[in-house]
Protein chains: 2
Amino acid sequence: MTDRPLSTKERLIRTAAELFRRRGYSGVGVAEILEAANAPKGSLYHHFPNGKADLAQAAAVWSSDGMLRIIAASFEPALSFEEGCRTLCYKLAKLFDISGLWETCPIAGALTDGPENTAFRELSRHLFDGWIAEFEHHAMRFGASPEEARRKAEHFFILMQGGWDLARSRRDSDIMRRLPLPG
Amino acid sequence: MTDRPLSTKERLIRTAAELFRRRGYSGVGVAEILEAANAPKGSLYHHFPNGKADLAQAAAVWSSDGMLRIIAASFEPALSFEEGCRTLCYKLAKLFDISGLWETCPIAGALTDGPENTAFRELSRHLFDGWIAEFEHHAMRFGASPEEARRKAEHFFILMQGGWDLARSRRDSDIMRRLPLPG
DNA sequence: ACAGGAATGGACCAATTGGTCCAGTGTCCC
DNA sequence: GGGACACTGGACCAATTGGTCCATTCCTGT
């Protein structure tokens with residue numbers, strides 16, 4: 001693990017991502033993020049000219065990248081699409097446990113509430129599509145036809161999102177482990 | 001349709017439910033609810049001594065009751081569990097269209113963001129369990145064993161929640177209509 | 001008719017919201 | 001050493017936040 005001190009910008013993004021994921025965009029104030037990241041106000045508006053909104057988007061992108069890495073790490077060693085799904089579910093369940101059973105989808109947290117904002121919605125759609133494309137890629141790697149792969153990818157995405165919701169409501173990470181995967 | 005004028009309390013609950021559903025608990029201010037419901041501040045704190053938090057819980061309960069009615073209306077005339085699920089999905093898709101493609105799960109909206117509040121989380125769990133119990137009931141009505149019914153009910157609930165998320169992100173109600181129901 | 005509680009309207013409040021501005025401080029390259 | 005510029009610290013701001021309080025009005029049962 002590289003422990004070299006993170007830049008202020010990096011710290012802002014990470015702490016913002018964590019907080020938004022827990023309590024949503026509108027649920028977290030700029031002041032709270034600043035304090036948790038140990039950063040002064042000036043830095044925020046230096047790195048993110050549009051303030052909170054910019055930061056939330058950066059946080060969502062950062063979270064999505066992390067998620068893509070977890071997806072890859074789950075599917076690459078797998079011997080079938082279903083095995084990859086299962087492994088990913090177990091990883092997510094573990095992260096959910098570590099988080100204290102409160103975190104949901106990081107993108108939903110950072111971008112879903114707040115204003116009915118087109119930019120936010122489009123970014124969330126774009127990032128979600130990135131995950132689905134990754135699922136799709138692995139499904140095809142295991143021999144699925146393009147249509148089949150797309151179907152399977154969207155299906156798994158929906159299960160994952162729904163599972164996250166129910167897991168948080170019940171505070172039970174086993175929901176993720178027992179997700180009703182097809183096949 | 002009974003069009004007799006609603007009481008102030010009723011108006012507060014309904015407009016709050018609608019707003020929370022769109023932008024989440026923290027995303028909507030008390031002032032905005034008051035204005036939309038055409039109610040003065042004094043009334044809010046008369047009917048809901050704990051203010052916004054009480055109102056959100058009432059709104060969630062009201063929304064959940066509405067949802068239970070839609071569930072019943074979908075499953076009662078159905079000839080199989082799967083047909084009930086399908087009908088419900090179509091009804092939800094239509095409501096989603098009417099809402100302008102922004103609304104999510106009403107309970108998630110009112111209770112999910114905001115403080116990491118035990119009362120909120122427990123109520124959301126309770127209400128979700130009510131929906132699942134209803135699904136379970138209908139699954140058994142069509143001959144499923146108790147375990148099978150529970151499995152099917154939770155499975156469908158997860159698909160529904162996940163579907164809501166993806167439908168909103170894509171602004172596409174067809175996601176709900178094409179939900180990958182088993183069987 | 002009238003007592004009394006329910007409901008309303010709205011003035012008022014401290015705290016917090018997201019945001020601006022700028023004088024300083026570092027740090028890098030010439 | 002000096003110019004340039006990225007970055008920081010924090011004072012300051014108007015607007016909004018959720019909430020309190022109370023005098024008035026409405027509505028009910030007797």
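Residue numbers start from 1 in every chain, and the chains themselves are labelled A, B, ... in the order their sequence lines are given, proteins ahead of strands.
- At whole-Å resolution of the value, CG in N38(B) and C1' in dG9(C) are 12 Å apart.
- Identified under the side chain to side chain donor-acceptor pair (under 3.5 Å) test for residues 46-65 of chain A, with sequence neighbours left out: S64(A)-W131(A).
- Counting only residues at least two apart or in different chains, side chain to side chain donor-acceptor pair (under 3.5 Å) contacts with residues 155-179 of chain A comprise D97(A)-S173(A), D97(A)-R177(A), R170(A)-D129(B), R170(A)-E154(B), S173(A)-R177(A), D174(A)-R177(A).
- In this structure, the side chain to side chain contact (heavy atoms under 4.5 Å, CB included) partners of S74(B), at least two apart in sequence or on a different chain, are I70(B), T87(B), L88(B), K91(B).
- Contact check, H46(A) against dC7(D): a side-chain N or O comes under 4.0 Å of OP1 or OP2.
- With sequence neighbours left out, the side chain to side chain contact (heavy atoms under 4.5 Å, CB included) criterion links A149(A) to E136(A), A139(A), M140(A), A144(A).
- Under the side-chain hydrogen bond (donor to acceptor under 3.5 Å, both in side chains) criterion, E32(A) pairs with R23(A), not counting sequence neighbours.
- A straight line from CG of L6(B) to C1' of dA7(C) spans 16 Å, rounded to a whole angstrom.
- For A133(B), the side chain to side chain contact (heavy atoms under 4.5 Å, CB included) criterion is met by no residue, not counting sequence neighbours.
- OP1 or OP2 of dT8(D) has at least one side-chain nitrogen or oxygen of T8(A) nearer than 4.0 Å.
- Close to dA6(D), at under 4.0 Å from its OP1 or OP2, lies no side-chain N or O of H47(A).
- Proximity of a side-chain donor or acceptor of T112(B) to a complementary backbone N or O of G109(B) within less than 3.5 Å is not detected.
- Note on S43(A): every side-chain N or O is 4.0 Å or more away from OP1 and OP2 of dG9(D).
- Rounding to whole angstrom units, CG of residue L44(B) and C1' of dG9(C) are separated by 13 Å.
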- Sugar-phosphate or base contact per nucleotide [nucleotides 14-28 of chain C; S, B, -; heavy atom under 4.0 Å]: ---SBBB--------
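- Listed by residue number, the members of residues 11-21 of chain B with any heavy atom below 4.0 angstrom from DNA chain C form an empty set.
- Residues that satisfy the side chain to side chain contact (heavy atoms under 4.5 Å, CB included) test with A110(A), not counting sequence neighbours, are F20(A), A60(A).
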